[in-house]
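Remember, it's a predicted structure, so these values are computed and weren't measured experimentally.
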Amino acid sequence: MPNPEHRLNRAELARLNRNITTDPTGCWLWTGQLNSNGYAWGARGPGHTRRVIHRILWEHYKNQEVPEGMQLDHLCRVRNCVNPEHFEVVTPSENTKRQDHAERRKTHCPKGHEYSEQNTRITKEGKRVCRQCDRDRRKSSVTDVAGVEGAPTSKEEGLY
C-alpha cells in the first residue's frame, strides 16, 4: 500500500524538478546547492528538514524509506545525480567497498610492500594496513632510543 508521507506533492516535485537537468547517460543532474561532499542538498519545501535530494526522490519514486542502517549507493558514480534508477540500497560497508578513490587504487604501501590478501589487514575504520610494515614497527619498538635491545617501550612496562 502506498505511503503518502513519502510522496511529494505537485508543488514540491515541480520545485525540485527546476533544479534537475538530464544528461545522455540518463543521470538527473542536480543544479542546485551541493553539500560539502558534492551531493545534492535541499529540502522538500519550506518547513522541511534539509537532506540529500537523491534520498528524497528515491523515497518519492520508490514509495519507501531507506531501511535504517542502510545507504543509497550511486551506481553511476555521479554524486550530484538524483535519478532513483541509479541507486541501490546497500550496507555502509558495501558502499565503502565500492568507492573508487586514489587509496583503493594503490597496489603497494608507501614502503613498497604489495597490498596482497596475505600482507594486508583492514582496520575498524576500513583502512588498509601493510602487515610487513606492522612487523617492522614491532621489531623497531623492541629497541629503545639508545638502541638497547629489550628495553621497556610503554607505560605498562615502566618506561614513563
Side-chain angles (χ1 to χ4, degrees), residues 3 6 16 19-43 49-160:
N3 187 343
H6 301 301
L16 292 176
N19 289 308
I20 297 172
T21 61
T22 57
D23 77 0
T25 65
C27 285
W28 298 358
L29 303 177
W30 182 255
T31 59
Q33 184 180 7
L34 302 177
N35 68 15
S36 61
N37 293 323
Y39 292 102
W41 185 245
T49 305
R50 296 176 63 75
R51 309 183 324 158
V52 286
I53 300 298
H54 65 272
R55 200 169 182 117
I56 292 170
L57 291 175
W58 191 87
E59 289 172 356
H60 172 76
Y61 286 105
K62 301 294 185 181
N63 200 31
Q64 59 184 322
E65 287 185 8
V66 176
E68 191 170 330
M70 302 293 274
Q71 297 177 348
L72 291 176
D73 179 24
H74 281 75
L75 299 174
C76 60
R77 300 286 167 245
V78 179
R79 288 185 178 199
N80 67 324
C81 175
V82 296
N83 183 345
E85 295 304 315
H86 289 195
F87 309 135
E88 180 180 2
V89 177
V90 296
T91 63
S93 173
E94 180 62 25
N95 203 7
T96 300
K97 285 179 194 170
R98 293 178 177 186
Q99 290 175 358
D100 179 34
H101 50 75
E103 286 302 312
R104 296 229 182 266
R105 287 192 297 268
K106 289 181 181 176
T107 59
H108 290 75
C109 80
K111 299 276 186 180
H113 306 120
E114 184 180 8
Y115 280 131
S116 67
E117 201 169 315
Q118 298 80 22
N119 189 44
T120 307
R121 73 175 173 84
I122 308 298
T123 67
K124 289 186 290 188
E125 295 80 26
K127 295 184 179 184
R128 293 184 298 177
V129 177
C130 173
R131 290 181 189 272
Q132 182 61 50
C133 288
D134 272 352
R135 286 189 289 276
D136 294 347
R137 274 190 294 276
R138 277 196 300 275
K139 282 181 191 172
S140 68
S141 72
V142 171
T143 306
D144 75 350
V145 181
V148 178
E149 186 105 11
T153 57
S154 72
K155 200 180 243 182
E156 294 81 30
E157 294 172 311
L159 184 62
Y160 299 107

Check: Please walk me through it: do R128 and K106 pass side-chain contact (heavy atoms from CB on, under 4.5 Å)?
Finding: CA-CA 10 Å; R128 293 184 298 177; K106 289 181 181 176; 3.7 Å; yes
Note to self: Testing the basics here: between Y115 and C130, what is the closest heavy-atom pair and its distance to 0.1 Å?
What the structure shows: CE2-N, 4.2 Å
Margin query: Please find the pair of heavy atoms, one from G69 and one from P92, that lie closest to each other, and give the distance.
Written below: O-CD, 3.1 Å
Notebook entry, point to check: Do N80 side-chain atoms and L34 backbone N/O form a donor-acceptor pair below 3.5 Å?
Noted result: no
Check: With a 4.5 Å heavy-atom cut-off, do L75 and R98 have their side chains touching?
Finding: yes
Note to self: Between L57 and I20, does the side-chain contact (heavy atoms from CB on, under 4.5 Å) criterion hold? Intermediate values first, please.
What the structure shows: CA-CA 11 Å; L57 291 175; I20 297 172; 3.9 Å; yes
Margin query: Does any part of the side chain of L72, heavy atoms only, come nearer than 4.5 Å to the side chain of V89, both counted from C-beta?
Written below: yes
Notebook entry, point to check: Roughly how far apart are H86 NE2 and W58 CH2, rounded to 0.5 Å?
Noted result: 15.0 Å
Check: Does a side-chain heavy-atom distance below 4.5 Å link R50 with Q33?
Finding: yes
Notebook entry, point to check: Are V82 and L16 side-chain neighbours, meaning at least one heavy-atom pair lies under 4.5 Å?
Noted result: no
Margin query: For F87 and H54, take the angle between the two ring planes, folded into 0 to 90°, and tell me which bin it lands in: parallel under 30, tilted 30 to 60, perpendicular over 60.
Written below: tilted
Next item on the list: Would you give the length of the straight line joining atom CZ of R77 to atom CZ of R79, rounded to the nearest 0.5 angstrom?
Entry: 10.0 Å
Next item on the list: Fit a plane to each ring of W28 and Y61, take the angle between them on a 0 to 90° scale, and name the class: parallel (under 30°), tilted (30 to 60°) or perpendicular (over 60°).
Entry: perpendicular
Note to self: Contact between T91 and M70 at the side-chain level, heavy atoms closer than 4.5 Å - yes or no?
What the structure shows: yes
Notebook entry, point to check: Are D136 and K111 close enough that some pair of their side-chain heavy atoms sits under 4.5 Å apart?
Noted result: no
Checklist line | D134/R131 salt bridge by N-O under 4.0 Å criterion | finding: no
Checklist line | N35 side-chain N/O to V52 backbone N/O, donor-acceptor pair under 3.5 Å | finding: no
Notebook entry, point to check: In Å, rounded to the nearest 0.5 Å, how long is the span from CD of Q132 to CZ of R137?
Noted result: 10.5 Å
Margin query: Counting C-beta onward and ignoring hydrogens, is there a side-chain heavy-atom pair between N119 and R135 closer than 4.5 Å?
Written below: yes
Next item on the list: Locate the shortest heavy-atom distance separating C27 from V78; write the atom from each residue and the value.
Entry: SG-CG2, 3.9 Å
Margin query: Quick check: closest heavy atoms across Y39 and H74, and the distance to 0.1 Å?
Written below: CE2-CE1, 3.6 Å
Notebook entry, point to check: Would you say T120's side chain and E117's backbone share a donor-acceptor pair under 3.5 angstrom?
Noted result: no
